[in-house]
Amino acid sequence: MNQENKIGKRIKTYREKLAIGVEELADKAGLSLSLLEDIEAGKIIPAIGVMVKLSRALGQRVGTFTDDQIARDPVITRSSDREEGVALHKGNDQGHYSYYSLGSGKTDRHMEPFYINISPTEDKSTSAHEGEEFVVVTSGAVELIYGNETYVLNEGDSMYYNSLVPHCLSAVGGDAKIYAVIFTY
């Protein structure tokens, strides 16, 4: 089963376990009905911010929908063993994030660590969700739109921000690579 179908199927399974209709979950998570239907149908993999909203609405942690197996501590992810996922922000657009979960299998985690490749895009749509994010740029340059302000960060730079503030992270001048840790309450 591919990554897209795994995430959508797991979200649908949890929604059905809780006897929540698709419209109710979309409303509870603050998402459009069509986006949720596309996610559950496996047409797209949701962006991280969307995953946080869905996990909160379903009372689960984000990793519940992405983990394939339980691992014992310490969880070690070799770069050669990372599994790629693609986050799409709009149902018809190719996503500009390829992300790799670095905490898969750790069932009691409170943060979601990722290694992310970012491609340039014209889409500067912001998102907001509970929690905080910490990001380190490992190559290239990224632009952070944070509320009404814009910042450009280069290799070695980091950012730490409240993710309740509408934000957007995109590559500038070519592909970029980052490590990101998302903490949700």
Side-chain angles (χ1 to χ4, degrees), residues 7 10-11 14 24-32 35-36 39 44-67 75 77 82 85-91 93 95-104 106-173 175-185:
I7 292 173
R10 288 176 183 166
I11 290 169
Y14 275 91
E24 182 182 350
L25 178 58
D27 186 53
K28 195 173 178 181
L31 304 173
S32 72
L35 175 61
L36 181 54
I39 292 168
I44 63 171
I45 296 175
I48 294 169
V50 172
M51 292 286 289
V52 170
K53 289 178 181 181
L54 285 168
S55 67
R56 286 289 173 222
L58 292 169
Q60 300 296 318
R61 58 180 187 76
V62 174
T64 299
F65 307 113
T66 58
D67 291 354
V75 173
T77 305
R82 293 181 192 154
V86 178
L88 305 177
H89 286 277
K90 298 190 188 285
D93 294 342
H96 65 280
Y97 294 124
S98 296
Y99 65 93
Y100 304 83
S101 176
L102 302 177
S104 291
K106 182 158 178 54
T107 58
D108 59 346
R109 69 183 182 266
H110 299 283
M111 56 185 169
E112 296 294 335
F114 294 98
Y115 176 75
I116 305 172
N117 293 324
I118 307 174
S119 299
T121 182
E122 296 298 317
D123 182 8
K124 304 294 181 177
S125 301
T126 60
S127 66
H129 52 86
E130 282 186 12
E132 299 175 335
E133 295 184 29
F134 177 72
V135 176
V136 177
V137 181
T138 60
S139 73
V142 296
E143 175 184 77
L144 171 66
I145 298 172
Y146 185 74
N148 295 323
E149 299 179 34
T150 301
Y151 305 90
V152 175
L153 292 96
N154 297 297
E155 185 175 329
D157 294 344
S158 66
M159 58 193 100
Y160 186 160
Y161 52 90
N162 180 335
S163 46
L164 279 173
V165 175
H167 58 280
C168 175
L169 199 59
S170 58
V172 176
D175 291 347
K177 297 179 186 329
I178 64 171
Y179 283 100
V181 177
I182 299 171
F183 176 79
T184 56
Y185 316 116

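Closest approach of I7 and P46 over heavy atoms only: CG2-CD, 3.9 Å. The shortest heavy-atom contact between A141 and V152 is CB-CG1, 4.5 Å. Annotation for N162 and G131: closest pair OD1-O, 3.5 Å, computed over non-hydrogen atoms.
Side-chain contact between V52 and E112: absent, with no pair of heavy atoms (C-beta onward) separated by less than 4.5 Å. Side-chain atoms of I116 and L169, non-hydrogen and from C-beta on, never get closer than 4.5 Å to each other. Residues L54 and Y14 fail the side-chain proximity criterion, which asks for heavy atoms closer than 4.5 Å. At a threshold of 4.5 Å between non-hydrogen side-chain atoms, the residues F114 and I178 do not count as touching. At a threshold of 4.5 Å between non-hydrogen side-chain atoms, the residues V142 and V135 do not count as touching. The shortest distance between side-chain heavy atoms of I39 and I44 falls below 4.5 Å.
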Side chain to side chain contact (heavy atoms under 4.5 Å, CB included), that's the test. Do I11 and L58 meet it? Break it down for me. CA-CA 8 Å; I11 290 169; L58 292 169; 4.2 Å; yes

Run the numbers on V137 and N154 for side chain to side chain contact (heavy atoms under 4.5 Å, CB included), then give the verdict. CA-CA 6 Å; V137 181; N154 297 297; 5.9 Å; no

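Applying the side chain to side chain contact (heavy atoms under 4.5 Å, CB included) rule to M111 yields the partners V181, F183; only residues at least two apart in sequence or on another chain are considered. For the side-chain hydrogen bond (donor to acceptor under 3.5 Å, both in side chains) test, no residue two or more places apart in sequence or in another chain qualifies with S55. When the side-chain hydrogen bond (donor to acceptor under 3.5 Å, both in side chains) test is applied to E122, no partner is found at least two apart in sequence or on another chain.
The OG atom of S163 lies 5.0 Å from the CD atom of E133; values are rounded to the nearest 0.5 Å. Taking CG of D157 as the start and CG of L144 as the end, the distance is 11.5 Å to the nearest 0.5 Å.
Relative orientation of the H129 and H167 rings is perpendicular, given thresholds of 30° and 60° on the angle between their planes. In this structure, F134 and Y160 have perpendicular ring planes: the angle between them is above 60°, well past the 30° mark.
Under 3.5 Å, the side chains of D123 and T121 contain no donor-acceptor pair of N or O atoms.
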